[in-house]
Amino acid sequence: MRRHPRRGEAGREVSDPSNVPSERGAEVGRRIGVGLMYGLWKPRVLGSWKVPATGPVILAVNHSHNIDGPMVIGVAPRASHFLVKKEAFIGPIATFMRATGQLEVDRSTADRTAISRALGVLANGGVLGIFPEGSRGDGDFASLRSGLAYFAVRSGAPIVPVAVLGSTDRRGRLIKALPPLRSRVDVVFGDPFEAGDGSGRRTRAALDEATTRIQKHLTAHLDNARRLTGRRENAERPAER
């Protein structure tokens, strides 16, 4: 088995350690998330023990609702830093997100600052959260961008697939943009896996192969998560928008 990088190995090109988001801030965000997610909804969390207790980890999360990221932040066993589109960093929420260690990324270009900071998180042995589909959609991992493969191959960090189910089943009565208060949302963590083939290659072909390998793992995990939670029927019925 290929060893995982030690602290400081995953992102050697990170030249400014002070630009890496604070682990302490991310832990504060996790604790706030615990209170909010369990206070507003009824998360059912399966497999959280599969997340490695130490060392760099990438959480690959399906994305069908805006609460998916905050939900994972609140229920994951470790503090995490999510790559979030820059459009979400608006007003007071932007200050809060930066203070809790979340990473602003410009999806319209190769955002070198975001890439450097994300690699810095992994180099420091932290947890990086990614929505590999790139934007909110059906949440079925049907179309993946290459970013997840790049971070996984570049850092050597294992990927833990995460399925969030139930966040789009129904609209809330009070706030239609959110799931009904006290409704159940399932979060299923899968087995960690390596994205690379062990060769250490970082070519475009290697990244394409890694993306294909990742998609198979994520799709299989999502199918298993639906089976475990009994949400297979919901997956076949279009969610109410």
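Here the structure is a predicted model, which is why all the values come from computation and not from measurement.
Side-chain atoms of Asn19 and Thr113, non-hydrogen and from C-beta on, do get closer than 4.5 Å to each other. Looking at heavy atoms from C-beta onward, Val185 lies out of side-chain contact with Val75 at the 4.5 angstrom threshold. Residues Leu165 and Leu222 meet the side-chain proximity criterion, which asks for heavy atoms closer than 4.5 Å. By the 4.5 Å heavy-atom criterion applied to side chains, Pro192 and Val57 are not counted as neighbours. When side chains are defined from C-beta on, His65 counts as touching Leu178, because their heavy atoms get closer than 4.5 Å. Looking only at side-chain heavy atoms (C-beta outward), Ile115 and Arg154 stay at 4.5 Å or farther from each other. With contacts defined as side-chain heavy-atom distances shorter than 4.5 Å, the pair Pro70/Met37 qualifies. At least one side-chain heavy atom of Glu23 sits under 4.5 Å from a side-chain heavy atom of His81.
The nearest pair of heavy atoms linking Met97 to Ala88 is SD-O, 3.9 Å. Residues Val121 and Pro21 come closest through the heavy atom pair CG2-CG, 3.7 Å.
Summarising the local packing, CZ of Arg184 is surrounded by more than 12 heavy atoms from other residues, nucleotides or ligands at distances under 6.0 Å. Surrounding CZ of Arg182 are more than 12 heavy atoms belonging to other residues, nucleotides or ligands, all under 6.0 Å away.
For Ser183, the side chain to side chain contact (heavy atoms under 4.5 Å, CB included) test picks out Trp41, Arg170, Pro179, Pro180, with sequence neighbours left out.
The only member of Arg226, Lys42, Arg227, Arg231 that meets salt bridge (charged side-chain N to carboxylate O under 4.0 Å, His left out) when paired with Asp186 is Arg231. Of the residues listed (Arg117, Lys86, Arg98), the one engaging Glu104 in a salt bridge (charged side-chain N to carboxylate O under 4.0 Å, His left out) is Arg98, and it is the only one.
A salt bridge is absent between Glu27 and Arg24: the closest approach of a Lys/Arg side-chain nitrogen to an acidic carboxylate oxygen does not fall below 4.0 angstrom.
The salt bridge (charged side-chain N to carboxylate O under 4.0 Å, His left out) pairs that include a residue from residues 47-61 are Lys50-Asp191, where partners are two or more places apart or lie in different chains. Under the salt bridge (charged side-chain N to carboxylate O under 4.0 Å, His left out) criterion, no residue pair touches residues 69-82, with sequence neighbours excluded.
Between Phe131 and Phe82, the two ring planes are tilted [angle within 30° to 60°].
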